[in-house]
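In what follows, every chain begins at residue 1, and chains take the letters A, B, ... in the order their sequences are listed.
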There are 2 protein chains.
Amino acid sequence: MKPTDAELEILHVLWTNGPSTVRQVHDALSQNRDLGYTTALKLMQIMVEKGLLTRQEDARSHTYTAAVSEEATQQGLVDRFVETAFRGSASKLVMQVLGNHKASREELDEIKLLLDNLNRHDTPA
Amino acid sequence: MKPTDAELEILHVLWTNGPSTVRQVHDALSQNRDLGYTTALKLMQIMVEKGLLTRQEDARSHTYTAAVSEEATQQGLVDRFVETAFRGSASKLVMQVLGNHKASREELDEIKLLLDNLNRHDTPA
DNA sequence: TGTTTACTACGAAATTATTCGTAGATTAAT
DNA sequence: ATTAATCTACGAATAATTTCGTAGTAAACA
């Protein structure tokens, strides 16, 4: 399932803060942008229908939980993104990220470290 | 300017094949999926309005040219994608790509080579 | 108890993206 | 010179996403 941008925002809140009510999610999102309470509610209801969230109806204010993992979701998004934006070339994507000044020095170092480890554990071709 | 998916498809054709008519773009896209001729035409007209393409009206069938470079466009897409899908963490994105079985063995090797070169030319921290 | 407050449900407007049909014009073919 | 083929222009249907208003209901409170 491919979450939309608005749905992703909500998933991020739930991934970060754990199971939350609509009120809590709305409060979190409101710090970054204008968003009506019922808009958040409606989105989360739709996400339950889509299977992206589950809902506990115990109390009056329902509690929502992410039904998809952050890793699996991001994997799906990356797959799609590599396909549409880079015609399937993952290496081109990585190159673009590395050439990106928006990737901070720290991020670049982290990536290099990551690749070093990958090389170390890999049997050379 | 942020091209949509359909617009990206058209840009890819123009980046690959160079300046083309609607007919040529439509033929190229038709190999992959069903698409009406006037749909391609309409999209390309809109793209001219948006400044994504330029148009030479010399002949009866106009010739369209990409007005944005592949690199700059992909950079913008990556920036946006890192932001929305990875909350700004480029290294998480790269990690996800590397853990991706859809990134072929050849692609991974290519990426490693790339990073090796990056490390070689960089002054260590 | 009656009023305010907080919540869900849901219809539907507004926006954006994609799609194509039809009309009109120009060129090519018979 | 008609007819057929090919092109642009453009309105508009369709679909997907995002947004919010209104209604109804339950709880908290004065």
Quiz item: Between B/Lys50 and B/Tyr37, which is nearer to the 5' end of DNA chain C once each is assigned its nearest nucleotide?
Solution: B/Lys50

Exercise. May I have the distance from A/Met44 (atom CE) to D/dC20 (atom P), rounded to whole angstrom?
Key: 16 Å

Quiz item: Which nucleotide in the list C/dT8, D/dT19, D/dC10 gets nearest to the side chain of A/Leu35?
Solution: D/dT19

Exercise. Rounded off to whole Å, could you give me the CD-to-P distance for the B/Gln24 and D/dC7 pair?
Key: 10 Å

Exercise. Give B/Ser61 one of three labels, base, sugar-phosphate or nothing, depending on what nucleic acid heavy atoms sit under 4.0 Å from its own.
Key: sugar-phosphate

Quiz item: Base, sugar-phosphate alone, or nothing: which one does A/Thr39 contact when heavy atoms must sit under 4.0 Å apart?
Solution: base

Self-check item: N or O in side chain of A/Lys2 less than 4.0 angstrom from D/dT17 OP1/OP2
Solution: yes

Quiz item: Quick check: are there more than 12 heavy atoms from other residues, nucleotides or ligands sitting under 6.0 Å from CZ of B/Arg80?
Solution: no

Quiz prompt | Single-linkage hydrophobic cluster A/Leu35~A/Ile46, side-chain heavy atoms < 4.5 angstrom | solution = no

Exercise. Please tell me which of A/Glu9 and B/Tyr64 maps to the more 5' nucleotide of DNA chain D, matching each residue to the nucleotide holding its nearest heavy atom.
Key: B/Tyr64

Quiz item: Which word best sums up how the rings of B/Phe86 and B/Phe81 line up, parallel for under 30°, tilted for 30 to 60°, or perpendicular for over 60°?
Solution: perpendicular

Self-check item: Interatomic distance where CZ belongs to B/Arg23 and C1' belongs to D/dA5 [whole Å]
Solution: 10 Å

Quiz item: Are OP1 or OP2 of C/dT18 and a side-chain N or O of B/Thr4 less than 4.0 angstrom apart?
Solution: yes

Quiz item: Quick one: A/Met47 CE to D/dT17 P, roughly how many Å, whole number?
Solution: 12 Å

Quiz item: What's the spacing between A/Leu8 CG and B/Arg87 CZ if we round to 0.5 Å?
Solution: 7.5 Å

Quiz item: Does a side-chain N or O from B/Gln45 land closer than 4.0 Å to OP1 or OP2 of D/dC10, or not?
Solution: no

Practice problem: Round to the nearest Å and state the distance from B/Leu41 atom CG to C/dG24 atom P. | Solution: 17 Å

Self-check item: Any donor-acceptor N or O pair under 3.5 Å, side chains B/Asp27, B/Gln31
Solution: no

I'd like a table of atom pairs between the protein and nucleotides 25-29 of chain D - only N or O on both sides, under 3.5 Å - with the distance next to each one.
none

Quiz item: Could you give the CG-to-C1' distance, from A/Asp58 to C/dC7, as a whole number of Å?
Solution: 15 Å

Self-check item: Given D/dT19, D/dA9, C/dC20, the nucleotide with the shortest approach to the side chain of A/Leu43
Solution: D/dT19

Quiz item: Charged N to carboxylate O below 4.0 Å: is that the case for A/Lys92 and B/Glu70?
Solution: yes

Quiz item: Of the nucleotides C/dT19, D/dA9, D/dT19, which has the atom closest to the B/Arg33 side chain?
Solution: C/dT19

Quiz prompt | Spacing of B/Leu53 atom CG relative to D/dT8 atom P, expressed in whole Å | solution = 13 Å

Quiz item: Which listed nucleotide (C/dA17, D/dG11, C/dA9) is nearest to the side chain of B/Lys42?
Solution: D/dG11

Exercise. Check the distance between D/dC20's C1' and A/Asp34's CG and give it to me in whole angstrom.
Key: 12 Å

Quiz prompt | Among A/Met44, A/Lys2, A/Met47, the one residue meeting side-chain contact (heavy atoms from CB on, under 4.5 Å) with A/Leu52 | solution = A/Met47

Practice problem: Would you please name every residue forming a ring-ring contact (aromatic ring centres under 6.0 Å, His included) with B/His62, sequence neighbours left out? | Solution: none

Quiz item: Which is true for B/Glu7 with a 4.0 Å heavy-atom rule: it touches a base, it touches only sugar-phosphate, or it touches nothing?
Solution: nothing

